[in-house]
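Written below as structure tokens is the structure these notes are about.
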Amino acid sequence: MKQIFLESHNIKNQFSGLGQFNYHLIKGLYECAADDLKFVVHSNINGKLKNDFGDYFKYLHYYSFTRYKALRLPFKYDLWHSLNQNTKIEPRFNMPYVMTVHDVHFAEGPDNDDKNKRIKRFQEKLNRADALVYISKFAQTATESIFDTSNHEEYVIYNGNPMIDTSIPVNFEPNLNPNKPYLFTIGEFTERKNFHSLIEMLQFLPDFELIIAGNSNRPYLEKIKQITTAHKLENRVHIPGKISETEKKYHLKNCAAFVFPSLKEGFGIPIIEALRYGTPVITSNNTSLPEVGDKYATYWEHYAPQYMAKKLLEGISRFNEDEQLKQDAITHAKSFNWNNTAKAYLKVYRSVLNK
């Protein structure tokens, strides 16, 4: 039986896109139950994973010191899959190698020593891969525009939608429940999420409040607070930090619209989570987002506050007044399925192993 190593250390952060990708792909592989392959999961939350998946996987604890070349793992597998595109965690030995590419945002912008080093390491990682898997067509195009990906098997395999179970306990009360209709967004507090544009927009939407959830323990939070104060919107902008899965479901279902003004996304899972609830989605018309949202989302072409407010109201009306569009959006969101994603990865593994 062939043994496949899943380099999945980012699984520990379930509040990030990479954490979601790691967990749900591994769950999909578990549910597909391939009888010709054995998987080794590399993480530091193996207790939780064993509770979820039992002994289907072999578990190897992740230690950060294995990033150093001299301390790399002293094991050889039939295939190594780098789920996280991390350029510092590599096998000690040569072996068949699959790499998932999520984005190459780090290679954009002004040149500096750190950027150039990351580009060099990333190209070296691409060079050693037998197969490259991109999470969107945009991710493939962006990678090929900067890096040499010739002489590789290349695949586009979309992420699944984690929002399979949409149920919410009948008596559930969220910690935060605005008095007015509200807009909702969620993600890491980084500049590329562009959350501050929502606050500037909110001054032209007096009938709405705004919830920005996610890991707010970032310097970007200060910019959010400053803009909120400057526009005197403290009573209408809510920043709860990380929230539970049930609370996220509640807000995806009950918000007036899910808003996602991100500047750069390799995929954009939150928008298909929101569409799964039949919720209007207003998002950016750049990178992978139009590819994922298709005709079911409404798109901002730029971020002038008054324009954003007008476009948002148009998007809410368009969606809520067309029941067929809403039902088609739910069907579209369901089409992103982690079990199908896992099956596609199994085909890639077998293709590489059979070479």
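Numbering starts at 1 and runs along the sequence shown. All values below were derived from every heavy atom in this structure, side-chain atoms included, with hydrogens, water molecules and symmetry-related copies excluded.
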- Message: Can you confirm whether K137 is buried at NZ, in the sense that more than 12 heavy atoms of other residues, nucleotides or ligands lie under 6.0 Å from that atom?
- Response: no
- Task: Please check if the side chain of N86 supplies one atom and the backbone of K88 the other of a donor-acceptor pair under 3.5 Å.
- Result: yes
- Note on the structure: Here the pair of heavy atoms bringing Y59 nearest to L49 is OH-O, 3.5 Å
- Message: For N112, I'd like to know if atom CG has over 12 heavy atoms of other residues, nucleotides or ligands within 6.0 Å.
- Response: yes
- Item | Linked, directly or transitively: L198 and I243 (ILVMFWY side chains, under 4.5 Å) | no
- Message: Would a single hydrophobic cluster contain both I227 and L205, if residues Ile, Leu, Val, Met, Phe, Trp and Tyr are joined by side-chain heavy-atom contacts under 4.5 Å?
- Response: yes
- Task: Could you tell me whether a side-chain N or O of N46 sits under 3.5 Å from a main-chain N or O of S43, the two making a donor and an acceptor?
- Result: yes
- Has K334 got more than 12 heavy atoms of other residues, nucleotides or ligands less than 6.0 Å from its NZ? no
- Query: Are the side chain of T279 and the backbone N or O of L252 linked by a donor-acceptor pair below 3.5 Å?
  - Reply: yes
- Flag yes if F260 and F208 sit in one hydrophobic cluster, no otherwise; membership is Ile, Leu, Val, Met, Phe, Trp, Tyr, and two members link when side-chain heavy atoms are under 4.5 Å apart. no
- Task: Of all the heavy-atom pairs spanning P162 and H24, show the shortest one and how long it is.
- Result: CB-NE2, 3.3 Å
- Check step by step if salt bridge (Lys or Arg N to Asp or Glu O under 4.0 Å) holds for K310 and E314. CA-CA 6 Å; K310 181 174 180 290; E314 290 174 357; 2.7 Å; yes
- Item | Ring centre gap for H251 and Y182 strictly below 6.0 Å | yes
- Task: Say whether I316 and Y307 are linked into one hydrophobic cluster, either directly or through other cluster members, by side-chain heavy-atom distances under 4.5 angstrom.
- Result: yes
- More than 12 foreign heavy atoms under 6.0 Å from NZ of K38: is that the case here? yes
- Applying salt bridge (Lys or Arg N to Asp or Glu O under 4.0 Å), run through E301 and K311 and close with a yes or a no. CA-CA 9 Å; E301 301 284 344; K311 197 73 175 177; over 6 Å; no
- Item | Main-chain N/O of L325 paired with R318 side-chain donor or acceptor, under 3.5 Å | no
- Item | salt_bridge(K193, E188) N-O dist < 4.0 Å | no
- Specify whether Y30 and F53 have parallel, tilted or perpendicular ring planes, treating 30° as the upper limit for parallel and 60° as the lower limit for perpendicular. tilted
- In plain terms, say whether E273 and R276 are close enough for a salt bridge, that is, a side-chain N and a carboxylate O under 4.0 Å apart. no
- Query: Judged by modelled atom types alone, do S351 and E153 share a side-chain donor-acceptor pair under 3.5 Å?
  - Reply: yes
- Rounding to 0.5 Å, atoms NE2 (H196) and CE (M201) come to a distance of 12.0 Å
- Query: Is the F189 to F195 ring centre distance short of 6.0 Å?
  - Reply: yes
- Message: Hydrogens and angles aside, do E31 and N339 bring a side-chain donor and acceptor to less than 3.5 Å of each other?
- Response: yes
- Message: Quick check against the 3.5 Å criterion: does S244 have a side-chain atom that pairs as donor or acceptor with the backbone of E247?
- Response: yes
- Centroid-to-centroid, H102 to F267, below 6.0 Å? no
- Query: Do Y158 and N340 have side-chain N/O donor and acceptor atoms under 3.5 Å apart?
  - Reply: no
- Task: Answer yes or no: are there more than 12 heavy-atom neighbours, outside N354 itself, under 6.0 Å from its atom CG?
- Result: yes
- Message: Angle between ring planes, H42 versus Y62, binned at 30° and 60°: parallel, tilted or perpendicular?
- Response: perpendicular
- Examine distances only and state if a side-chain atom of Y77 and a backbone atom of L6 form a donor-acceptor pair shorter than 3.5 Å. no
- Query: Would E124 and R128 satisfy salt bridge (Lys or Arg N to Asp or Glu O under 4.0 Å), going step by step from the backbone distance to the final call?
  - Reply: CA-CA 6 Å; E124 290 170 351; R128 81 177 299 162; over 6 Å; no
- Over 12 non-hydrogen atoms of neighbours within 6.0 angstrom of CG in D36: yes
- Message: Is there a side-chain contact (heavy atoms from CB on, under 4.5 Å) between R92 and K69? Walk through the geometry before answering.
- Response: CA-CA 7 Å; R92 178 175 296 204; K69 190 172 183 179; over 6 Å; no
- Task: Please determine, by modelled atom types, if S262 and E265 share a side-chain donor-acceptor pair under 3.5 angstrom.
- Result: yes
- Closest non-hydrogen atoms of L233 and Q203, given as atom of the first, atom of the second and distance, are CD1-N, 4.2 Å
- Short side-chain to backbone donor-acceptor contact, N285 and W300, under 3.5 Å: no
- Task: Please assess I239 against L221 for the test side-chain contact (heavy atoms from CB on, under 4.5 Å), listing each intermediate value before the final yes or no.
- Result: CA-CA 9 Å; I239 304 174; L221 175 61; 3.9 Å; yes
- Taking atom types as modelled and ignoring hydrogens, do the side chains of N22 and N84 form a donor-acceptor contact shorter than 3.5 angstrom? yes
- Message: Taking the basic N atoms (NZ, or NE/NH1/NH2) and the acidic carboxylate oxygens, is any pair closer than 4.0 Å for K223 and E191?
- Response: yes
- Give a yes or no on whether the backbone of D103 and the side-chain of H105 come within a donor-acceptor separation of less than 3.5 Å. no
- Query: How far apart are the closest heavy atoms of Y299 and D294, and which atoms are they?
  - Reply: OH-O, 2.6 Å
- Looking at D55 and K50, does any basic side-chain N land under 4.0 Å from a carboxylate oxygen? yes
- Classify the angle between the aromatic ring planes of H81 and Y349 as parallel (below 30°), tilted (30 to 60°) or perpendicular (above 60°). perpendicular
- Drop me the distance from M308's CE to L312's CG, to the nearest 0.5 angstrom. 8.0 Å
- Query: Under a 4.0 Å N-O cut-off, is there an ion pair linking K326 with D322?
  - Reply: no
- Query: Between F147 and F122, how do the two ring planes meet: parallel, tilted or perpendicular, split at 30° and 60°?
  - Reply: tilted
- Pair E222, Q226: side-chain N/O donor-acceptor within cut-off below 3.5 Å: no
- Message: Minimum heavy-atom separation for L126 and H152, please, with both atom names.
- Response: O-NE2, 2.5 Å
- Task: Assess whether side-chain contact (heavy atoms from CB on, under 4.5 Å) is satisfied between V259 and F184, documenting all intermediate values.
- Result: CA-CA 6 Å; V259 286; F184 177 61; over 6 Å; no
- Message: Looking at I199, is its backbone amide N or carbonyl O close enough to the side chain of H231 to form a donor-acceptor pair, meaning the two atoms are under 3.5 Å apart?
- Response: no
- A274 versus F258, closest heavy-atom pair with distance: CB-CB, 3.6 Å
- Message: Before you tell me yes or no, could you show the steps for R236 and K180 under side-chain contact (heavy atoms from CB on, under 4.5 Å), namely the whole-Å CA-CA distance, both residues' side-chain angles and the distance that decides it to 0.1 Å?
- Response: CA-CA 9 Å; R236 291 203 286 135; K180 292 183 176 182; 4.0 Å; yes
- Query: CG of N235: more than 12 outside heavy atoms within 6.0 angstrom?
  - Reply: no
- Can you tell me if N177 and E173 form a side-chain donor-acceptor pair at under 3.5 Å? no
- Mind telling me whether F21 and Y345 have parallel, tilted or perpendicular rings, with 30° and 60° as the class edges? perpendicular
- Would you confirm whether the ring centroid of F5 sits within less than 6.0 angstrom of the ring centroid of Y97? no
- Item | S284 (side chain) donor-acceptor with N286 (main chain) under 3.5 angstrom | no
- Might you work through the salt bridge (Lys or Arg N to Asp or Glu O under 4.0 Å) test for K125 and E90, ending with a clear yes or no? CA-CA 8 Å; K125 193 175 185 80; E90 296 284 15; 3.2 Å; yes
- Can you get from I186 to V237 by hopping between Ile, Leu, Val, Met, Phe, Trp and Tyr side chains that sit under 4.5 Å apart? no
